[in-house]
Amino acid sequence: MSEKELRRSMAVLPMGTVMKLTSLTARQIRYYDDCGLVKSKRTESNRRLYSLNNIDRILEVKDYLDEGMNIEQVKRVYEKQRRRLASKNSNQRQTVSDERVREYLRDDIMKAGGLYVDNDPQFKQGYL
DNA sequence: GTTCTGACA
DNA sequence: TGTCAGCA
């Protein structure tokens, strides 16, 4: 892992900072957190700590939700990515780069934003 | 002052 | 989701 990636993965931001950076309420951030959509760390006093990568994830979740998806559907998206990356790593002995990960993220965001229509059974079939 | 959990008109 | 309570 490069030094840059290491820093982006360091959980050092408290709730107040995340609220300012994402324009979300503490309630919403905790909700995403409790749903397992973001992997925050905790201080000795049980305070949540987030990394820069966590911020990106939170913003992504917000976008998905704004595009009409519910929490369960968002979870599906990340489960799919986890499986994809898992198979990638097992079939190839090379590590997936950060850039590659982002490529997958954009791909899913486009699919979600482009195909979703209220009560569209095809969408539910694809993500449920 | 800040964040946490739990609960609810 | 907002918001208030009661702690740490």
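Just so you know, these numbers come straight off a predicted model, no measurement behind them. Lettering follows sequence order; numbering is per chain, from 1.
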Is there a residue in residues 12-25 of chain A whose heavy atoms reach under 4.0 Å of DNA chain C, and which residues are they?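 Those residues are A:Thr25.
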
Point-to-point distance, once rounded to the nearest 0.5 Å, from CD of A:Glu67 to NZ of A:Lys62: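 NZ of A:Lys62 is found 10.5 Å from CD of A:Glu67.
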
From A:Tyr31 OH over to A:Thr25 OG1, what is the distance, rounded to the nearest 0.5 angstrom?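 Separation between the atoms: 12.0 Å.
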
May I ask whether A:Val61 and A:Leu49 are part of the same hydrophobic cluster, defined by side-chain heavy atoms of I, L, V, M, F, W, Y residues being less than 4.5 angstrom apart, directly or through others?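 Hydrophobic grouping puts A:Val61 apart from A:Leu49.
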
Spacing of [X] atom [atom1] relative to [N] atom [atom2], expressed in whole Å:
| X | N | atom1 | atom2 | value |
| --- | --- | --- | --- | --- |
| A:Leu49 | B:dT2 | CG | C1' | 13 Å |
| A:Arg42 | B:dC4 | CZ | P | 6 Å |
| A:Gln28 | B:dT3 | CD | P | 16 Å |
| A:Asn46 | B:dG6 | CG | P | 10 Å |
| A:Asp34 | C:dT1 | CG | P | 13 Å |

Quickly, which of A:Arg83, A:Arg76, A:Arg82 forms a side chain to side chain donor-acceptor pair (under 3.5 Å) with A:Glu79? Name it, please.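 Result for side chain to side chain donor-acceptor pair (under 3.5 Å) with A:Glu79: A:Arg83.
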
Side-chain contact, heavy-atom cut-off 4.5 Å: A:Gln28 with A:Leu65?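 They are not in contact (no side-chain heavy atoms under 4.5 Å apart), so the answer is no.
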
Where along nucleotides 3-8 of chain C does protein come under 4.0 Å, by heavy atom, of base (B) or sugar-phosphate alone (S), with - for untouched nucleotides? B----B

A:Glu60 and A:Tyr32 side chains, donor-acceptor separation under 3.5 Å: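 The criterion, which ignores hydrogens and geometry beyond distance, is not satisfied for A:Glu60 and A:Tyr32.
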
Do the side-chain N and O atoms of A:Asn53 and A:Ser9 include a donor-acceptor pair separated by under 3.5 angstrom?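 Side chains of A:Asn53 and A:Ser9: no pair found under 3.5 Å.
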
For DNA chain C, what are the stems built from at least three Watson-Crick or G-U pairs in a row, each pair having both distances below 3.5 Å?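 Result, WC/G-U stems under 3.5 Å: B:4-8 with C:2-6.
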
Could you check whether any side-chain N or O of A:Arg57 sits under 3.5 Å from a backbone N or O of A:Leu37, counting only pairs where one atom can act as donor and the other as acceptor?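 Yes; at least one donor-acceptor contact below 3.5 Å.
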
Spell out, as yes or no, whether a donor-acceptor pair under 3.5 Å connects the side chain of A:Thr17 to the backbone of A:Leu13.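 No.
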
Ion pair present between A:Asp33 and A:Lys39, side-chain N to carboxylate O less than 4.0 angstrom?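 Judged by the 4.0 Å cut-off on N to carboxylate O distance, A:Asp33 and A:Lys39 do not form a salt bridge.
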
May I have the step-by-step check of salt bridge (Lys or Arg N to Asp or Glu O under 4.0 Å) for A:Lys75 and A:Glu72, ending in yes or no? CA-CA 5 Å; A:Lys75 285 184 184 177; A:Glu72 289 308 310; 3.3 Å; yes

